[in-house]
Undergrad: 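Let me begin by handing over the structure; questions about it come next.
By convention here, the first residue in the shown sequence is residue 1.
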Amino acid sequence: MRARVFSGIQPSGQLHIGNYLGALKNWAEIQGRYESIFCIVDLHAITVYQSPAELSKKIRETAALFVAAGIDPEQSSIVVQSSISGHAELAWLLTCVAPLGWLQRMTQFKSKAEKQETIGDGILQYPVLMAADILLYQASIVPVGEDQSQHLEFTRDLAQRFNSLYGETFVMPATNLPAVGARIMGLDDPAQKMSKSETSAGHAIGLLDEPKAIQKKIARATTDSQSAVDPGSMGPGIANLFTIAQACDGSITKDRVAGMRYGDFKKLVAEAVIARLEPIQRRYREITDDPSHIDQLLEAGKERVLPITHDTVAKVKRAMGLFVR
Ligand code: TYM
């Protein structure tokens, strides 16, 4: 049996170049080597309020972007989390095994709890649902960006705890980070991770941004007081642009950009990003020409993976002594 890969993206906000370089690009590259399942994690998205009309549009848009970015629906299963009841079911079973202290220590929970006066229970439970996503498929490889590392550690700890309480049940999943682009920073603030929830205009490059908008955002990206690229000591803004360029076009090396004036360097970065996104945007337009195509593809993905999810849920229930016929 081939090792299984699982990963997911929330259908909230606009997918950006960080999601592509940190996750989607890597998924497309490794999908042929494993049995791959890629998920639109809408149950995670609703841990903060989403407009229902917007969310149902975003779910399909995200699926179309998966395909446009190179996920081949013949080779990989593309699924929607909420369409497969095993995700929520396993999440409850794991909730009963998850120590509250572990959840309260998670960085994402702590930072959201600090910012908001009232915080939904879903934010606290978020890592349990994510562990359920991965363990439901007995995935051994999880390709993600660096910001998900703590969640993956939590998943392994929880799987181990379950296994030691109820007997060997879950496969231990390994984190798989891309060699370049595991952490893309905001263009407007290179100290902050590029994020879907940050809405200021110059922050992120959207996967569907027009070439002109991309040029403008990169031209305005925050740099430093130097005027030419010094590969030996790049400031965080220039280093981030270099990572983006290199991840988009492997022929862009430190040697090649050494001594370039910032204006010229930014033009090179913009060209590399535009060239990378152009075929993705073209395929996106082709795919979304026929809206029923995406629904069919999501239905087919679901049918393909359902037996795996039924097996795992039954195995877990049996291990816990619950009623299984
Ligand atoms: P999400 O939707 O925030 O991000 C999706 C993927 O994109 C990566 N990513 C980045 N990579 C590099 N630089 C960035 N600035 C950047 N921003 C985002 C993320 O690391 C991720 O791989 N909790 C997850 C979704 C999830 C999941 C799962 C992932 C739910 N269940 C099971 C893996 C396995 C999340 O919110 O990703």
Undergrad: List for me each residue that meets ring-ring contact (aromatic ring centres under 6.0 Å, His included) alongside Tyr137, sequence neighbours excluded, and say none if there are none.
TA: Phe6, His87
Undergrad: Partners of Phe162 by ring-ring contact (aromatic ring centres under 6.0 Å, His included), sequence neighbours excluded?
TA: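 Here the qualifying residues are Tyr166, Phe170.
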Undergrad: Taking only residues two or more places apart in sequence, or in another chain, which ones meet Glu29 in a salt bridge (Lys or Arg N to Asp or Glu O under 4.0 Å)?
TA: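 Only Lys25 meet the salt bridge (Lys or Arg N to Asp or Glu O under 4.0 Å) criterion with Glu29.
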Undergrad: Checking Glu271 now: which residues fulfil salt bridge (Lys or Arg N to Asp or Glu O under 4.0 Å) with it, not counting sequence neighbours?
TA: none
Undergrad: Sequence neighbours excluded and cut-off under 3.5 Å, please list the side-chain donor-acceptor pairs for residues 229-246, or say none.
TA:
{"unit_1": "Asp230", "atom_1": "OD1", "unit_2": "Gly232", "atom_2": "N", "d": "3.0"}
{"unit_1": "Asp230", "atom_1": "OD2", "unit_2": "Ser233", "atom_2": "OG", "d": "3.3"}
{"unit_1": "Asn240", "atom_1": "OD1", "unit_2": "Met185", "atom_2": "N", "d": "2.9"}
{"unit_1": "Asn240", "atom_1": "ND2", "unit_2": "Met185", "atom_2": "O", "d": "2.9"}
{"unit_1": "Thr243", "atom_1": "OG1", "unit_2": "Ala239", "atom_2": "O", "d": "3.0"}

Undergrad: Taking only Lys NZ, Arg NE, NH1 and NH2, and the carboxylate oxygens of Asp or Glu, determine whether Glu35 and Arg4 approach each other closer than 4.0 Å.
TA: yes
Undergrad: With a 4.5 Å limit on heavy-atom distance, are the side chains of Val316 and Val313 in contact?
TA: no
Undergrad: Restricting to salt bridge (Lys or Arg N to Asp or Glu O under 4.0 Å), what partner residues turn up for Lys267, sequence neighbours left out?
TA: none
Undergrad: Return a table of donor-acceptor pairs under 3.5 angstrom between the side chains of residues 63-80 and protein atoms on other chains or two or more places apart.
TA:
{"unit_1": "Asp72", "atom_1": "OD1", "unit_2": "Glu74", "atom_2": "N", "d": "2.9"}
{"unit_1": "Gln75", "atom_1": "OE1", "unit_2": "Gly32", "atom_2": "N", "d": "3.3"}
{"unit_1": "Ser76", "atom_1": "OG", "unit_2": "Gln31", "atom_2": "OE1", "d": "2.7"}
{"unit_1": "Ser77", "atom_1": "OG", "unit_2": "Arg304", "atom_2": "NH1", "d": "3.3"}

Undergrad: For His44, enumerate each residue passing the ring-ring contact (aromatic ring centres under 6.0 Å, His included) test, keeping only those at least two apart in sequence or located in another chain.
TA: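 Here the qualifying residues are Tyr126.
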Undergrad: Using the ring-ring contact (aromatic ring centres under 6.0 Å, His included) criterion, which residues pair with His16? Sequence neighbours excluded.
TA: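 In terms of ring-ring contact (aromatic ring centres under 6.0 Å, His included), with neighbours along the sequence ignored, His16 is linked to no residue.
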Undergrad: What pairs with Asp147 under salt bridge (Lys or Arg N to Asp or Glu O under 4.0 Å), at least two apart in sequence or on another chain?
TA: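 Listed in chain order: Lys193.
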Undergrad: Scan residues 292-325 for pairs that pass ring-ring contact (aromatic ring centres under 6.0 Å, His included), counting only residues two or more places apart or in two chains.
TA: none
Undergrad: For residues 92-102, dump all side-chain donor-acceptor pairs below 3.5 Å to protein atoms at least two apart in sequence or in another chain.
TA:
{"unit_1": "Thr95", "atom_1": "OG1", "unit_2": "Ala91", "atom_2": "O", "d": "2.8"}

